[in-house]
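Encoded as structure tokens, the structure appears first; notes follow it.
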Amino acid sequence: MRAVFSVIFFLLILALILCAVFARRSHKPIGQSLSILCASLIFPVLGNLILVISRNELLSFIGSHVYVIGMDLMAFSLIDFTMAYCNVSWRRNWKSYLVYTLLTVDIIQVFLNPFFGHVFAIKPTMVEGSAYYQLVPFLGLTYHRIAVYATVLISIIMLLAKSIRVPRIYAEKYYVILLTLLLAAAWQTYYIVAQIPIDRSMVGIGAFGIILFYVSLIYRPFRVLDKMLANVASKLPEAIFFFDTNKNCIWANEHGLKLVQLEEESVEKAPSLLSEMFNDFNKQEPEWTSKAVIGSGQSAKYYTLKKQNLTDAKGSVIGSFFSIQDNTEIERQLQQDIYNASHDRLTGLLNKDALFQEIRETVRRESTTPYWIAYFDIKDFKIINDIFGKEMGDFVLQKIAKWLRVHSSSNWIFGRLTGDAFGICFPSNEPNVRMVEQQISKFVLSNGSVDHNILIHVGLYKITDPDIDVSIMFDRAHVALNTVKGEFNRHVAIYNDMMRNQVLWDQKISAQLEKAIKERQLQPYLQPIVDHHGKIIGSEALVRWIHPEEGFLPPIKFIPVFERNGMIAEVDKYIWRRACEILASWTGDKSKLFISINISPKDFYFMDVYSEITALVKEYGIEPSRLRVEITESVMMTDIENRIAILNNFRESGFIVEMDDFGSGYSSLNQLKDMPLDGLKIDMKFLSSAINNERSETILRYVVRMSKELGLFSLTEGVETKEQYNMLNEMGCNLFQGYYFAKPIPLDEFEKLIA
Ligand code: C2E
Ligand code: CA
Ligand code: CA
């Protein structure tokens, strides 16, 4: 028996040494305290080992001291370890020092025992035929026991308090230590009270150290981990199902249960419900990912499904899991984004990019019927916006979009190109232009009381080569459209090679303009303007291009081209300069003559018209009243306030400002009242219809009278006959211009005429 226990104690000591060494090497914060505790546990065991093997009184006496002092050291390190383990904040304050003092005093008094014999003595008993020395307790040992038990009790209280305070899943960590400590303490107490030789409770002390080592350094609380993982998985946004190797569902998280509408208890029903929902669920492959849509339209739900096997460390399958991610929101957002990126917000039609893309793809597909491109443009949309307001403008666009939706066939592709332009691509052998005319003439915009006809122009282009860029197809349709822009009774045009040639011609003369100006191919012709006596008092400068190849070009041939591409500003600046040059050259009687110059509405976009003209007048030293400026109504279509300011500037600087072509355009009489003007140039259309037409004559008479009453002089253009001249004179018109007096003529001819 003694031999057995000596071996056991010896092995325990070895084990404790190993624990102490490994604990010291550990990087965990508890390692240090644990190492000291394991080391200190060696001493009581060592003391008992000595007692078991020695049969000699002195050695046993020493062994007893090692045991008793060892218990003190154990108590010391136990309290230190417990405080560290439980994260007790008073580890280094007076409370702990009180315990340390209690124990230190005890160690000192035990050390003094050999001299005073106040703690214990030893007495032999017979064990297996030889002497085994047991303690005979005195008062000092009672103190010793109080000190050690008090320390152990404090440790127990700390562990208990901690285990109550922490969340339940963590309490286990404290319970294990608490329980071993209680067992070891009870066992030891039993031996102290029972006085049985050979203290077997040392096995408990040693085991306590080893268990401590395991629990605090090696053991990972798997239950904690399990619980945590389950919690995390439960809250995951995906639905998750776990299956065992027999394909039984063993667990589902919150979303999973919600998806199949099951309670946790009936989770085994999940597979059948899942296979009803998702076809892919029954796939045979062990691992797969797929996408699924349930329902359709607005209520459609989008899912990503994933099945994966779970393996253990050796790689054998221990089950599988199935996850379902609800992508509905992302998918909706994506679809919305795609829609937004490809559709026009106001009309809901395809936007330009998407339209081009779709047309490109469609026309490149094999087709027996040819495709056509239609460029759909609202005439004077700016004016609709201006007069009726932006809301009305938007309404018109929406109305046209609606019309397109209603009247289009399923094989049409259409969308919005720009502000007021729409594009269509449709298959047809030959579009019925007459029918298109009829259809588009039906747009009427009503703002309650007034109906406003909306003019739409359509340019058509037949796609002969599907590989050319869609934007070029639309450019060609637009070229066709441009040819009917100025016409009154034709609104649809089909692109043809003549138009193409026109475009080429436009490009050619545009490229030649700079050189032409330099070489004085452009000439101002002067058309006399006469007073009511028939006397020439001035002239209008009208540009002519004496082209080296094309011959004599009237302005109608090139002015619209340059108005479209902005080069009109160069032409005008040049003609204004030439007019000033002429005015400056006139002396004597001629110095009283004026020249009217034309200002294109486009000029305002490309230059500061007022500064440009005043600078010229200054440069040539001309009286500003001799340079009359003609503007048309359309100048006032945009940026009205600014334009009024410019006209005011002209008048304040002494220029005479006339409204050209009055009566040919919109003739908003309302605008007349605000416009700073000196005279009205009445359009020749009025005059041509006034002879033999009483109504026209009346209107003309009233326009002349109105200008007088507004304080404006009147000038009638296009006077071709004596009869017209007499009639206008009788009406009170102030000035006259027309073939009856003279056509626009070169400067030298004009000068001869004056002479
Ligand atoms: P406009 O300013 O209304 O010029 C009057 C036009 O009527 C001139 O045509 C003139 O030749 C023509 N005309 C004059 N008397 C008669 C007549 O008795 N009967 C008929 N049937 N026609 C007559 P033109 O010179 O061909 O100019 C046409 C238009 O070109 C001008 O109309 C003007 O808008 C524009 N234009 C001409 N020169 C210039 C210029 O230097 N700059 C700008 N921006 N536009 C110009
Ligand atoms: Ca004019
Ligand atoms: Ca005119």
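In listed order, ligands and their atoms are each counted from 1. Keep in mind that the numbers below use all heavy atoms, side chains included, and drop hydrogens, waters and symmetry copies. Just so it is clear, the model here is predicted, and its values are computed rather than measured.
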Query - Proximal heteroatom of D661 relative to the Ca ion (ligand 3) (N/O/S) - result: OD1
Query raised in the report: Among all protein non-hydrogen atoms, which one is nearest to atom 12 (C) of ligand 1, and what is the separation to 0.1 Å?
Result: M684 CE, 4.0 Å
Requested in this report: In plain terms, say whether R701 and E730 are close enough for a salt bridge, that is, a side-chain N and a carboxylate O under 4.0 Å apart.
Outcome: yes
Report task. Before accepting this row, confirm whether a basic side-chain N of the pair E550/K508 lies closer than 4.0 Å to the acidic partner's carboxylate O. Result -> yes
**Report entry** N/O donor-acceptor pair under 3.5 Å between N734 side chain and S714 backbone
**Finding:** yes
Query raised in the report: Can we say D661 and K681 salt-bridge, meaning some charged N sits less than 4.0 Å from an Asp/Glu carboxylate O?
Result: no
Query - Check: Y375 side chain, A421 main-chain N or O, donor-acceptor pair, under 3.5 Å - result: no
**Report entry** Closest to atom 45 (N) of ligand 1 (judged by heavy-atom distance), picking from I559, I631, D660
**Finding:** I559
Query raised in the report: Hey, what's the angle at the Ca ion (ligand 2) spanning OE2 (E540) and OD2 (D660), nearest 10 degrees?
Result: 170°
Query raised in the report: Charged N to carboxylate O under 4.0 angstrom, E437 versus R490?
Result: no
Requested in this report: Could you tell me the residue and atom name of the protein heavy atom closest to atom 42 (N) of ligand 1, and the distance to it rounded to 0.1 Å?
Outcome: D572 OD1, 2.6 Å
Query raised in the report: Polar-atom distance check: N598 versus ligand 1, any N or O pair below 3.5 Å?
Result: yes
Query raised in the report: Looking only at distance, does V543 have an N or O less than 3.5 Å from an N or O of ligand 1?
Result: yes
Requested in this report: Write the atom name of the N, O or S atom in E630 that is nearest the Ca ion (ligand 2).
Outcome: OE1
Report task. Look at N598 and state whether any of its N, O or S atoms is less than 3.0 Å from the Ca ion (ligand 2). Result -> yes
Requested in this report: Say whether Q398 and D394, considering side chains only, have a donor N or O and an acceptor N or O under 3.5 Å apart.
Outcome: no
Query raised in the report: Starting from atom 21 (N) of ligand 1, which protein heavy atom do you reach first, and at what distance in Å?
Result: E720 OE2, 3.2 Å
Query raised in the report: Around atom CZ of R705, are there more than 12 heavy atoms of other residues, nucleotides or ligands at under 6.0 Å?
Result: no
Report task. Please confirm whether Q737 comes within less than 3.5 Å of ligand 1 when only nitrogen or oxygen atoms on both sides are compared. Result -> no
Report task. For atom 11 (O) of ligand 1, find the nearest protein heavy atom and state the residue, atom name and distance (0.1 Å precision). Result -> P744 CG, 3.2 Å
Report summary line: At under 4.0 Å between heavy atoms, what of E717 touches ligand 1? The answer is side chain
**Report entry** Closest protein heavy atom to atom 26 (O) of ligand 1, given as residue, atom name and distance to 0.1 Å
**Finding:** P555 CG, 3.4 Å
Query raised in the report: Is the shortest side-chain N to carboxylate O distance from R628 to E658 below 4.0 Å?
Result: yes
Report summary line: Min over F741, F558, Y739 of heavy-atom distance to atom 23 (C) of ligand 1 lands on Y739
Query raised in the report: Do the ring centers of Y725 and F741 come within less than 6.0 Å of each other?
Result: yes
Report task. Note the single closest protein heavy atom to atom 15 (N) of ligand 1, along with its residue, its atom name and the distance in Å. Result -> Q527 NE2, 2.8 Å
Query - Electrostatic pair E581-R577, nearest N-O below 4.0 angstrom - result: no
Report summary line: Here the atoms of ligand 1 under 4.0 Å from any heavy atom belonging to R544 are 11 (O), 25 (O)
Query raised in the report: Under 3.0 Å from the Ca ion (ligand 2), is there an N/O/S atom belonging to E717?
Result: no
Query raised in the report: When you check the gap from the basic side-chain N to the acidic O, do D469 and R360 get nearer than 4.0 Å?
Result: no
Query raised in the report: Should you measure from each heavy atom of E540, which atoms of ligand 1 turn up under 4.0 Å away?
Result: 2 (O), 4 (O)
Report task. Just need the protein heavy atom nearest to atom 32 (O) of ligand 1, so name the residue and atom and give the distance. Result -> L542 CD2, 4.8 Å
